[in-house]
Amino acid sequence: MPLSDQEQIRRNSLEELRKLGINPYPAAEYKTNAFAEDILENFDSTKTDFAGVSMAGRIMSRRIMGSASFAEIMDSTGRIQIYLKRDDICPGEDKTLYNSVFKHLLDIGDIIGVKGFVFKTQTGEITVHVKELTLLSKSLRPLPVVKEKDGTVYDAVTDPELRYRQRYVDLIVNPPVRDVFRKRTQLIQSMRELFNSKGYLEVETPILQPIPGGATARPFITHHNTLDMPLYLRIANELYLKRLIVGGFEGVYEFAKDFRNEGMDRTHNPEFTVMEIYIAYKDYNWMMNFTEQIISKAAIDLHGKAEIPYGDKIINLNPPYRRVTMLDAIKEFTGIDISAMDEPTLRKTCDGLNVPNTPEMGKGKLIDAIFGEKCEHHFVQPTFIIDYPAETSPLTKMHRSKPGLTERFELMINGKEIANAYSELNDPVDQLERFQEQLRLSEKGDDEAMFIDLDFVRALEYGMPPTSGMGIGIDRLAMLLTNQPSIQDVLLFPQMKPEGQKPKAESEESEYLDLGIPAEWILPLKKLGFTTIAMLREAGKAGKLANDLNGFNKKNKLGLAGLSTEVVGSWLEKI
RNA sequence: CGGCCCGUAGCUCAGCUGGUAGAGCACGUGACUCUUAAUCAUGGGGUCGAGAGUUCGAUCCUCUCCGGGCCGACCA
């Protein structure tokens, strides 16, 4: 890849700096004692607090006015203006540091350290008056320059492709993005704090699993060479965490990356983060209350209140949340009571409601389909949907009083599933039968049905206390709490297709000369895209090529003698 | 997987019924000691995503491909 003019200029500056004996990438620690945010919030011109600050950051703008200049540097807390005066940073005879280094060899994007004192300019802006300037890292690539005045941002970098592929640039030039990711981390800390305060244990379980259990999803498959066996990237960690409850822990939780080999869209990334927690001697009713506590605490920790904006909506995360059974929800939005229907009747009902269905779908899946199609999106304010059909809940305890249903809830917020929980099935015989039923479903063609994990059944046979477990989609909750429309906006590095490969090596000059092409025409040819002889072979008509070359000559005022079609044709013949 | 839209200078974007490209910022040079989207003067910078076709001639029209976005399908 040829360098752009701006990149070339920066590389030249780099060399100039080295010639002046300035290391553009010094090794030494640069001690700082102040951050931009702290200065801007706490500077008081009647006090002497910031008389000797040392700070470091990236140059984000420059306004040079002869022998004095203003610039802005950005550190991890934000931007602050700095003021440089030639005779202040160059007290002696030698004015090179200002005249050459600052004015010409430094650029927007370079990282510098400054020492000086804080003052307020005539226009009232808190500014660092620089006495000492140190280059800490030279930037060789021009940064997009985003300007702002009176709250209006100019030339903001909004191209999603650039923002997601080069997140570092996004983070530099779009300050709110850094805040989103700080909030994401705060969210996780808020939850961890709560769990730890209750004595629950944070654990780690395998990501490479011989059996991808605990959920219904297509896994990624990999291969271990030494064991010579397939391993799956986990789709869930549920079965491992429950083994730990069998092992005697009161409560265990994990912030886990899961991987699912499925479609990608605004709410799905192939790898995503789930918090799963399992607590002994609890049931799903207890877990609903606990979930309300988790969510409302997180909202308050991030926003100071539990009423939060999302898009054009206000979502109230103050408990208690509405609780609706799945069958009631369907009744509410379709007017149909499906509670007594058998499979054929349900299928007809689906057809009548225009809910797509296939013969492989059993009763539970049909109910799920109706709910997904007709109900789910209506639940904008937080709502627990409770009591799911057994067929789609193979790890859930049967309902204590409602036959055919399980003690399961999903928390819906803004029409999306945020959490999923149940009273865990701990009857090992029932569990094995449910796994076997899943196997039958998979033979029937349901490629999401679960594998049988016999070791998990063995663990249950030793006895697991009654337990409630819950999973929260951290990415989706982060979207909600940071008011972001896409999962890509809450993942630092969302999955993307690789960028296209850049061009192959160029042909040597001698290869052009061998064809009888005059040396002065080689550059124009390359500029027109014929960087290799092979490309020239495919150039086609000599007339067009001659025309293009003459046009290039004229446009760039090269002053070369014009080429005839015949001459160009003679080159092409020799290839 | 299907529909719609997008890809032009480092960045943000114009570009008419087809005649090989413009602006602002950024960048180079010069001026300027409190500026702030600094200002003024001046200059350089483009395989118009890639390839093929139609045409005397394509950034523009047609097709294929690549990458991205939105919507739908699939999918928790």
Side-chain angles (χ1 to χ4, degrees), chain A residues 2-10 12-13 61-72 79 81-88 98 103-104 107-109 119-125 127 129 140-150 152-165 169 173 215-218 235-236 258 260-268 272 274 356 358 368 372 376 392 410 412 416-418 420 447-448 471 473 476 485-486 488 496-503 525-531 535 538 540-541 543-544 547-548 551-552 554-556:
Chain A
L3 295 174
S4 70
D5 57 343
Q6 295 197 41
E7 287 172 299
Q8 194 52 57
I9 286 161
R10 283 170 184 240
N12 294 344
S13 298
S61 71
R62 262 192 324 175
R63 295 179 284 276
I64 297 173
M65 296 163 305
S67 58
S69 297
F70 288 92
E72 276 178 301
R79 291 187 183 204
Q81 180 169 268
I82 63 173
Y83 176 69
L84 296 97
K85 214 166 155 180
R86 188 216 292 139
D87 296 336
D88 282 339
Y98 183 82
K103 277 170 74 173
H104 294 286
D107 293 287
I108 289 175
F119 74 111
K120 216 173 232 183
T121 63
Q122 284 171 10
T123 44
E125 181 156 349
T127 302
H129 188 126
L140 296 181
R141 242 175 224 275
L143 211 52
V145 176
V146 180
K147 297 201 172 186
E148 190 239 307
K149 183 183 188 178
D150 301 332
T152 310
V153 177
Y154 298 83
D155 300 332
V157 174
T158 53
D159 175 18
E161 187 161 3
L162 194 160
R163 291 189 48 222
Y164 302 148
R165 283 193 199 282
V169 173
V173 304
T216 52
R218 276 192 291 273
I235 55 173
D258 287 347
R260 297 187 183 177
N261 203 342
E262 286 165 358
M264 294 166 64
D265 59 33
R266 216 176 62 252
T267 54
H268 295 83
F272 59 102
V274 174
T358 59
D368 221 24
E376 199 173 71
T392 52
E410 288 192 2
M412 314 296 308
K416 293 270 181 260
E417 175 199 345
I418 294 290
N420 181 11
D447 60 0
E448 290 177 24
R476 291 185 185 177
S486 165
Q488 296 171 112
M496 288 266 191
K497 278 200 183 186
E499 292 173 89
Q501 294 303 318
K502 287 295 194 294
L525 270 171
K526 289 193 172 186
K527 281 280 184 186
L528 283 172
F530 300 102
T531 50
M535 294 169 92
E538 285 160 25
K541 295 175 204 153
K544 171 168 168 47
N547 198 358
D548 286 347
F552 185 90
K554 193 171 149 198
K555 183 189 166 205
N556 292 286

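Within every chain, numbering begins at 1; the chains are lettered A, B, ... in the order of the sequence lines, protein sequences first and strands thereafter.
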Exercise. Side chain of A:V157 only, please: which of B:rC11, B:rU35, B:rG28 is the nearest?
Key: B:rC11
Quiz prompt | Residues which pass salt bridge (Lys or Arg N to Asp or Glu O under 4.0 Å) with A:R476, listed by chain and number, not counting sequence neighbours | solution = none
Exercise. Using side chain to side chain donor-acceptor pair (under 3.5 Å) as the criterion, list what pairs up with A:Y83, not counting sequence neighbours.
Key: none
Quiz item: Who are the salt bridge (Lys or Arg N to Asp or Glu O under 4.0 Å) partners of A:E417, not counting sequence neighbours?
Solution: none
Please write out the pairs of protein N or O atoms and N or O atoms of nucleotides 22-26 of chain B separated by less than 3.5 Å, giving the distance to one decimal.
residue, atom, partner, partner atom, Å
B:rG24, N2, A:D155, OD2, 3.4
B:rC25, O3', A:K147, NZ, 3.0
B:rA26, OP1, A:K147, NZ, 2.8
B:rA26, N3, A:Q6, NE2, 3.0

Could you go over nucleotides 6-8 of chain B and give all protein N or O partners under 3.5 Å, atom names and distances?
none

Quiz item: With A:E125, which residues qualify under salt bridge (Lys or Arg N to Asp or Glu O under 4.0 Å), at least two apart?
Solution: none
Quiz item: Does A:R63 have any side chain to side chain donor-acceptor pair (under 3.5 Å) partners at least two apart in sequence or in another chain, and if so, which?
Solution: A:Q81
Quiz item: How would RNA chain B look in dot-bracket form, 5' to 3', counting Watson-Crick and G-U wobble pairs with both distances under 3.5 Å and writing | for bases paired to another strand?
Solution: (((((((..((((.....[..)))).(((((.......))))).....(((((..]....))))))))))))....
Quiz item: Who pairs with A:D368 by side chain to side chain donor-acceptor pair (under 3.5 Å), at least two apart in sequence or on another chain?
Solution: none
Quiz prompt | Listed partners of A:F272 passing ring pair (Phe, Tyr, Trp, His ring centres under 6.0 Å), at least two apart | solution = none
Exercise. Taking side chain to side chain donor-acceptor pair (under 3.5 Å) as the test, write out the residues that go with A:D155, two or more places apart.
Key: none
Look for any protein N or O under 3.5 Å of an N or O in nucleotides 29-33 of chain B and output each such pair with its distance, or none.
residue, atom, partner, partner atom, Å
B:rU29, OP2, A:H104, ND1, 3.2
B:rC32, N3, A:I64, O, 3.3
B:rC32, N3, A:G66, N, 3.1
B:rC32, N4, A:G66, N, 3.2

